[in-house]
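Please read the structure below before turning to the comments.
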Protein chains: 2
Amino acid sequence: MTETKTEDIRRTARGREGIDAFDRKILSELSCDATQSLAAIGDKVGLSAPAVHERVKRLRASGAIKATVAVLDGHKIGKPLLAFVHVDTKGWGKTGAMLALTQLPEVEELHSVTGDTCVLLKVRCASPEALEGFLARVYDIEGVQGTRSYMVLSTHMERTVQAKETEDLGEGPFIR
Amino acid sequence: MTETKTEDIRRTARGREGIDAFDRKILSELSCDATQSLAAIGDKVGLSAPAVHERVKRLRASGAIKATVAVLDGHKIGKPLLAFVHVDTKGWGKTGAMLALTQLPEVEELHSVTGDTCVLLKVRCASPEALEGFLARVYDIEGVQGTRSYMVLSTHMERTVQAKETEDLGEGPFIR
DNA sequence: CCTGAAACGCGGAGGGT
DNA sequence: ACCCTCCGCGTTTCAGG
């Protein structure tokens with residue numbers, strides 16, 4: 001039985017503004033299903049409902065929980081087409097001009113990245129025509145040299161940030 | 001004033017298993033903040049709390065709302081490093097062997113895509129060492145020919161599917 | 001951090017337009 | 001068919017220990 005006892009977790013230190021094992025389990029639960037009651041979470045992690053509530057409140061205040069949102073189905077709401085778009089720009093600092101794309105509801109992510117491209121976009125829209133229209137807008141931006149689009153054929157997994165982490169992948173940045 | 005009257009929205013037809021303007025506004029609110037009460041949403045969209053509840057229930061049952069989850073902050077929970085990894089495989093149908101990666105909490109997305117690569121991964125982890133360890137696991141998979149990693153320098157926007165859509169991008173698949 | 005009590009919001013039943 | 005008003009019950013939330 002790999003059951004985790006309350007005492008075991010309680011002993012794990014929680015540094016300044018840190019996250020202990022209780023918090024991590026709570027975050028793990030909430031990131032999967034935020035509709036369950038605090039009492040249900042309390043049962044799973046070994047705490048009372050008010051104790052869980054206190055921690056959730058602190059996790060919200062500290063920003064560890066950025067928001068709690070409804071996850072929608074792209075197909076069901078008329079956006080069956082998902083694509084990742086790499087944008088190359090000429091010169092430096094052209095990313096600022098691209099922030100306007102943020103206003104479009106089709107854009108879900110916008111990152112500056114290393115590698116053979118400058119900006120990486122995640123775009124979800126209604127049709128190939130809509131994607132074409134979107135790319136036209138991208139090319140209207142000053143300094144845009146070209147784009148490469150990766151249309152997704154099938155999504156095998158899609159979720160948000162997970163609280164758990166794999167230990168043997170490599171040590172964290174604070175250990176050496 | 002561009003206020004939307006109840007009567008205007010009520011007239012918009014809702015086809016079989018369809019989504020009308022009320023639903024879209026409700027989804028829009030819930031995808032931004034699912035903690036607000038049904039009454040608050042009702043005020044914003046011009047409906048009573050039970051009416052909103054009825055619609056939310058149907059939207060959940062139909063799958064338009066897949067889940068409601070807490071969105072965590074990667075930095076605050078010890079995963080400051082985000083990367084997109086393109087994986088090239090030799091032959092066809094090697095994607096199945098990659099589904100095992102789904103088990104790792106560092107993997108947030110796994111898509112099959114068109115373009116000059118086969119599989120696109122979104123990976124969030126603790127450190128460059130952890131990313132290296134992850135890539136080692138990818139290369140252990142049968143049929144993997146190579147990878148290209150795009151480490152994100154800064155995330156300018158990151159959100160989930162939005163209910164709204166831009167009309168003049170291009171017509172949807174049902175209009176022609 | 002846990003136990004008890006109050007306020008709030010959810011979720012259902014019934015009736016109206 | 002859809003929405004609104006009313007009400008019971010579970011949950012959140014705050015007090016005290």
Side-chain angles (χ1 to χ4, degrees), chain A residues 3-62 64-71 76-77, chain B residues 3-71 163:
Chain A
E3 191 177 354
T4 310
K5 293 199 185 69
T6 298
E7 297 162 8
D8 296 339
I9 301 182
R10 187 172 290 166
R11 293 186 197 288
T12 62
R14 179 173 60 198
R16 191 182 183 287
E17 293 291 325
I19 308 287
D20 70 356
F22 276 127
D23 291 332
R24 190 144 295 204
K25 283 199 78 174
I26 292 171
L27 290 173
S28 185
E29 287 297 328
L30 288 178
S31 70
C32 291
D33 180 13
T35 64
Q36 56 187 322
S37 70
L38 298 178
I41 297 174
D43 285 345
K44 291 180 184 173
V45 308
L47 254 56
S48 69
V52 174
H53 178 249
E54 187 70 24
R55 283 167 177 271
V56 170
K57 220 168 48 177
R58 189 177 52 227
L59 290 167
R60 273 189 217 282
S62 74
I65 298 176
K66 290 199 291 187
T68 119
V69 304
V71 181
K76 297 277 172 58
I77 65 169
Chain B
E3 191 176 355
T4 310
K5 294 201 185 69
T6 298
E7 297 159 10
D8 297 339
I9 301 182
R10 189 173 288 165
R11 292 185 198 289
T12 61
R14 179 173 62 200
R16 192 182 180 289
E17 292 290 327
I19 308 289
D20 69 356
F22 276 127
D23 291 332
R24 190 144 293 200
K25 284 201 76 175
I26 292 170
L27 290 173
S28 185
E29 287 297 327
L30 288 178
S31 71
C32 290
D33 180 12
T35 65
Q36 57 188 323
S37 70
L38 298 178
I41 297 174
D43 285 344
K44 291 180 184 174
V45 307
L47 253 56
S48 70
V52 174
H53 178 248
E54 187 71 22
R55 285 168 177 271
V56 170
K57 214 168 53 176
R58 190 176 53 227
L59 289 167
R60 274 189 217 281
S62 74
I65 298 177
K66 291 198 291 186
T68 119
V69 304
V71 181

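Looking only at side-chain heavy atoms (C-beta outward), A/R60 and B/T35 come within less than 4.5 Å of each other.
Salt-bridge check for A/D20 with A/R55: passed, with a basic side-chain N closer than 4.0 Å to an acidic carboxylate O.
Rounded to a whole Å, the CZ atom of B/F22 is 7 Å from the P atom of D/dC3. Between the CG atom of B/L47 and the C1' atom of D/dA1 there is a distance of 14 Å, given to the nearest Å. The distance from atom CD of B/E54 to atom P of C/dC10 is 15 Å, rounded to the nearest whole Å. In this structure, the CZ atom of A/R58 is 17 Å from the C1' atom of D/dT13, given to the nearest Å. At whole-Å resolution of the value, CG in A/D23 and C1' in C/dC1 are 14 Å apart.
For the pair A/H53 and D/dT13, the criterion of a side-chain N or O lying under 4.0 Å from OP1 or OP2 is met. Close to C/dC1, at under 4.0 Å from its OP1 or OP2, lies a side-chain N or O of A/R55.
Counting only heavy atoms from C-beta on, B/L38 has its side chain closest to C/dC10 among C/dC2, D/dT12, C/dC10. Side chain of A/P50, nearest nucleotide from D/dC4, D/dT13, D/dT11: D/dT13. Here the nucleotide nearest the side chain of B/K57, chosen from C/dG12, C/dC2, C/dG9, is C/dG12.
Smallest separation of non-hydrogen atoms from B/L47 and B/F22: CD1-CE2, 3.1 Å.
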- Query: Yes or no on side-chain contact (heavy atoms from CB on, under 4.5 Å) for A/K76 and B/I19, after CA distance, side-chain angles and deciding distance?
  - Reply: CA-CA 9 Å; A/K76 297 277 172 58; B/I19 308 289; over 6 Å; no
